[in-house]
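Computed from a prediction, not measured in an experiment: that's the story for all the values here. In listed order, ligands and their atoms are each counted from 1.
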Amino acid sequence: MCGIVAYIGPKDAAPLLLEGLQRLEYRGYDSAGIAVCGRTGGLRLRKVKGRVADLAEAVPARFKGTAGIGHTRWATHGVPSDANAHPHLDAAQRIAVVHNGIIENADELRARLAADGTAFASETDSEVLAHLVAAHAGEGVALEDAVRQALAHVVGTYGVAVLDSAQPDRVVVARNGSPIVLGIGEKEMFAASDVAALVRYTRQVVHLDDGELAVVRADGFRTFTEDARATAKEPSTVDWEVGSYDTGGHEHFLAKEIHEQPDAVERTLRGRLDDRFHTAHLGGLNLDARELRAIRRVKILGCGSAYYAGEAGAQLIEELARVPAHAEPASEFRYRNPVIEADTLYVAVSQSGETYDTLAAVQEVRRKGGRVLGVVNTVGSAIARACDGGIYLHAGPEVSVASTKAFTCTAVAFALLALHLGRIRDLSPADGRRICAGLKALPDRIREILAQEERIAQLAAAYAKHDGMMFVGRVRGWPVAREGAQKLKEVSYVHAEAYPASELKHGPLALIGPGLPTVAVVPDDELLDKNLTTLGEIRARGGRVLTVGHRAPDARLADDSLVVPRSEPELDPLLLGIPLQLLAYHAAVALGRDVDRPRNLAKSVTVE
Ligand code: BG6
């Protein structure tokens with residue numbers, strides 16, 4: 001997905017747009033551009049292949065204009081290039097458009113426009129929007145009407161911002177499937193794909209809903225549905241600190257967010273543990289005890305790390321509440337014509353709350369009458385608003401593309417949900433008390449693990465020399481292994497795959513040898529002996545072994561071991577994964593990767 005910013009007000013737009021794009025660069029970073037116009041019109045455009053920093057260098061000092069739009073791109077149609085970068089202009093160079101999303105009927109629209117003599121300057125689907133708006137922007141037609149009429153031709157998803165040098169007193173934005181949020185300033189207005197670009201200037205924001213369009217002027221905004229009916233929108237207040245968007249003295253956002261986890265977990269827990277009944281209070285569920293007791297199954301949906309966090313959540317729910325629970329990739333869900341059951345509770349997991357695949361899965365569940373909660377970090381996001389209720393993580397913004405604190409806080413949120421479900425069923429007060437104590441102790445346990453960073457960095461540099469790594473774990477260790485492999489792949493580009501440890505002998509063991517080391521998740525639980533047997537099978541084939549567990553196995557079974565403090569057995573997975581985050585991070589650093597903006601990826605994919 002891409003990042004969009006817009007500004008209109010008394011100030012010079014270009015520096016504000018560039019600053020906003022810097023804050024959104026985690027959304028896409030293969031090319032960037034801005035367009036501005038002054039009060040008397042006259043469009044100025046700069047766009048380049050490369051990062052926002054490259055664009056900033058290309059923007060000349062005398063690049064004046066008090067209204068403007070900007071874009072940082074994650075390519076879907078057309079290679080990263082200057083020509084394919086946004087903003088796109090119409091032929092008369094009067095209209096400028098930035099777009100996040102996919103126009104599914106772009107080829108048909110291009111053909112129709114070309115037949116009318118329109119010449120295209122790029123390979124992108126987005127460029128058709130500039131020509132469509134221009135085609136409707138006849139004499140005396142308000143920009144918002146031209147945009148609305150143009151979008152009526154579009155099949156697909158969009159978050160757009162449009163500038164018209166003939167109407168420099170406004171910027172028009174619209175949303176269908178890709179987020180757009182307005183920022184309300186003092187006699188100035190902002191718009192962006194994400195509050196990250198706004199919090200430096202204002203905390204008062206308005207999220208557009210799908211199908212909504214807004215006319216934004218320096219003194220305010222008005223919102224409309226796609227059939228031009230005015231809508232009333234209440235501003236909400238963003239509770240994130242501006243400092244949330246700095247690396248806080250760390251070299252990378254990924255390092256900052258790994259080290260933020262003790263505080264982030266404390267925020268997820270805050271006000272939600274009940275020491276009287278040894279349970280959890282979750283005000284946003286919108287489900288009372290009677291409704292929750294009627295739940296016979298939990299189905300968890302998410303993408304990427306959110307999916308793996310959901311797998312850890314499913315285990316917690318089965319262990320503590322004895323309710324069947326299962327996680328599956330949200331990206332596949334809607335395509336398999338799922339059977340939606342009235343007594344199943346669906347839970348959508350998303351840090352950004354804007355992942356299109358997860359949002360579409362939520363919409364599929366609700367379309368068929370299912371009940372869905374959101375476990376979401378970004379307040380007011382599309383998925384949060386599409387759900388019947390849910391649990392906000394309060395983890396603070398997660399900027400690095402690879403998810404770490406959101407993963408851990410999601411697992412904590414599921415522990416709270418599992419505790420709540422368990423204690424309205426058969427989980428005993430003693431067990432409830434035990435889990436409450438374990439959750440409260442997590443931040444300090446995480447701090448103990450983070451203190452091992454130097455040694456983990458040394459191991460990471462050694463293991464990063466391999467072309468690939470295997471990750472294995474049993475039962476509680478299995479989601480830890482999956483997320484560990486995901487992290488390593490995402491940020492270091494070292495191939496990694498995860499298997500249930502019991503599965504290794506049924507095929508993958510053929511891969512094991514001196515060239516393919518294995519990370520084994522080996523907690524001191526009832527499966528310890530089985531896991532040690534697996535280590536023996538690997539070592540017997542010359543495989544190198546790094547264990548993560550509660551004690552170092554015999555040197556005959558492991559070359560290296562990372563030891564984490566114990567929690568309650570059910571909560572151990574939340575700690576076992578922390579060293580693997582650091583392992584992935586330092587492997588990426590050792591390999592000189594772009595840690596916060598790994599190649600080919602984006603923080604949240606808001607397109608199909
Ligand atoms: C991917 C990100 O694009 O989306 C992953 O690279 C993330 O890090 C996944 O886990 C899901 O994102 P979200 O915002 O829905 O949790």
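- Nearest to atom 10 (O) of ligand 1 among the protein's heavy atoms is Ser305 N, 3.1 Å.
- Remark: ligand 1 and Val401 share an N or O pair separated by less than 3.5 Å (distance only, no angle test).
- A salt bridge does not link Asp194 to Arg23: none of the charged nitrogens lies less than 4.0 Å from a carboxylate oxygen.
- Between Thr358 and ligand 1, no pair of N/O atoms sits closer than 3.5 Å.
- Here the protein heavy atom with the shortest distance to atom 11 (C) of ligand 1 is Cys303 O, 3.3 Å.
- If you look at Glu490 next to ligand 1, the close heavy atoms, those under 4.0 Å, all belong to the side chain.
- Near Thr355, with a cut-off below 4.0 Å to any heavy atom, the atoms of ligand 1 are 11 (C), 12 (O), 13 (P), 14 (O), 15 (O).
- Within the model, atoms CG of Leu208 and CG of Asn176 stand 11.0 Å from one another, a figure rounded to the nearest 0.5 Å.
- Residue Ala306 approaches ligand 1 through these ligand atoms, each under 4.0 Å from one of its heavy atoms: 10 (O), 16 (O).
- Between Thr378 and Glu354, the side chains place no donor N or O within less than 3.5 Å of an acceptor N or O (distance only, hydrogens not considered).
- At a threshold of 4.0 Å, the pair Asp388-Arg366 counts as salt-bridged, since one of the basic side-chain nitrogens sits closer than that to a carboxylate oxygen.
- A salt bridge does not link Lys405 with Glu257: none of the charged nitrogens is closer than 4.0 Å to a carboxylate oxygen.
- The existence of a salt bridge linking Glu266 and Arg270 is excluded, since no basic side-chain nitrogen approaches an acidic carboxylate oxygen closer than 4.0 Å.
- Using a 4.0 Å cut-off between charged nitrogen and carboxylate oxygen, Asp596 and Lys256 do not count as a salt-bridge pair.
- If you number the atoms of ligand 1 from 1 as listed, the ones under 4.0 Å from a heavy atom of Ser352 come out as 13 (P), 14 (O), 15 (O).
- Screening Leu301, Ile391, Val375 against Val347 for a side chain to side chain contact (heavy atoms under 4.5 Å, CB included) leaves a single residue, Val375.
- Scanning the protein for heavy atoms near atom 4 (O) of ligand 1, the closest one is Lys603 O, 3.8 Å.
- Gln351 N, 2.8 Å is the protein heavy atom nearest to atom 16 (O) of ligand 1.
- Counting protein heavy atoms only, atom 3 (O) of ligand 1 is closest to Ala602 O, 3.0 Å.
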